[in-house]
Amino acid sequence: MLSNKRIQELELVMEFEKVEECFKEVISWIEDVGRERLKEAINLDDSLDMLLQAQKHFKEFDLVASEYCKRGQEALKKMNQWEDFSFVDVHSYRVKLQTYEDQLEEFCTQLDETRHRVCETVRLYEFFDKVRQGICCTDEGVKS
């Protein structure tokens with residue numbers, strides 16, 4: 001039994017190392033690229049044309065960022081099997097995983113919020129643009 005326990009511990013450590021490598025890549029991308037691009041999306045331009053351009057760039061970024069979020073979440077799912085190994089001492093690994101999970105969750109939440117904000121801002125600007133055009137058309141009709 002002790003031998004089986006040690007083998008399972010070793011297998012979990014090897015699995016953790018694979019998952020940790022994936023997380024390091026994901027977290028590195030988030031820190032080096034992702035957070036900076038999210039900051040850029042905070043300052044949206046005042047014209048509809050510029051806003052549509054910013055939305056297009058954000059959508060391209062969003063595809064890549066969502067893929068990194070997905071990879072991180074899939075790695076987390078692999079580690080859910082650890083719940084079944086309560087007899088194996090995995091506390092130190094769980095602490096590391098929790099740190100990675102917190103960072104990933106924070107970024108994915110910010111990504112979702114930014115996606116929603118960009119979309120809503122574009123919709124609002126499009127609405128105001130239609131209203132402005134309607135007012136201009138109405139003004140021209142009154143002047144005629």
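Below, all heavy atoms of this structure are taken into account, side chains as well, without hydrogens, waters or symmetry copies.
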Quiz item: Between Arg71 and Glu25, is any pair of side-chain heavy atoms under 4.5 Å apart?
Solution: yes

Quiz item: Side-chain heavy atoms under 4.5 angstrom apart, residues restricted to Ile, Leu, Val, Met, Phe, Trp, Tyr: same cluster for Leu124 and Val131?
Solution: yes

Quiz item: Between Phe16 and Leu97, which heavy-atom pair has the shortest distance, and what is it?
Solution: CE1-CG, 3.6 Å

Quiz item: Does some side-chain heavy atom of Arg37 sit less than 4.5 Å from a side-chain heavy atom of Glu60?
Solution: no

Quiz item: In Å, rounded to the nearest 0.5 Å, how long is the span from CD1 of Ile30 to CD of Glu36?
Solution: 14.0 Å

Self-check item: NZ/NE/NH1/NH2 to OD/OE distance under 4.0 Å, Arg117 and Glu120
Solution: no

Quiz item: Do Met50 and Phe58 belong to the same hydrophobic cluster, where Ile, Leu, Val, Met, Phe, Trp and Tyr are linked whenever their side-chain heavy atoms lie under 4.5 Å apart, directly or via other members?
Solution: no

Quiz item: Roughly how far, to the nearest 0.5 Å, is the SG atom of Cys22 from the CD1 atom of Ile27?
Solution: 9.5 Å

Quiz item: Does a salt bridge link Asp112 with Arg115, judged by any charged N lying under 4.0 Å from a carboxylate O?
Solution: yes

Exercise. Identify whether the distance between the nearest side-chain nitrogen and carboxylate oxygen of Glu31 and Arg35 falls below 4.0 Å.
Key: yes

Quiz item: Step by step, would you call Lys59 with Asp62 a salt bridge (Lys or Arg N to Asp or Glu O under 4.0 Å)?
Solution: CA-CA 5 Å; Lys59 283 182 177 182; Asp62 188 28; over 6 Å; no

Quiz item: With the 4.5 Å side-chain cut-off for hydrophobic clustering, are Leu38 and Val64 part of the same group?
Solution: yes

Quiz item: Once you round to the nearest 0.5 Å, how far does CD of Glu101 lie from CD of Glu106?
Solution: 13.0 Å

Quiz prompt | Full working for side chain to side chain donor-acceptor pair (under 3.5 Å) between Asp102 and Gln98 | solution = CA-CA 6 Å; Asp102 291 346; Gln98 187 62 50; 2.7 Å; yes

Exercise. Over all heavy atoms of both residues, which pair between Phe107 and Gly34 is shortest? Give the atoms and the distance, please.
Key: CE1-C, 3.6 Å

Quiz prompt | No-hydrogen, no-angle side-chain donor-acceptor test under 3.5 Å, Asp49 and Gln53 | solution = no

Quiz item: So Trp29 and Phe61, would you call those rings parallel, tilted or perpendicular, with 30° and 60° as cut-offs?
Solution: parallel

Exercise. Working to the nearest 0.5 Å, report the span between CD of Glu11 and CD of Glu15.
Key: 9.5 Å

Quiz item: What heavy-atom pair brings Phe23 and Gly72 nearest, and what distance separates the two atoms?
Solution: CZ-O, 3.4 Å

Quiz item: What closest approach, in Å, do Thr114 and Ala41 show between heavy atoms, and which atom pair accounts for it?
Solution: CG2-CB, 3.5 Å

Quiz item: Going hydrophobic residue to hydrophobic residue with side-chain gaps under 4.5 angstrom, can you get from Tyr125 over to Leu52?
Solution: yes

Quiz prompt | Gap between atom CG of Leu111 and atom CD of Glu113 - 0.5 Å precision | solution = 10.0 Å

Quiz item: Taking atom CD of Gln55 and atom CG of Leu51, what is their separation to the nearest 0.5 Å?
Solution: 7.0 Å

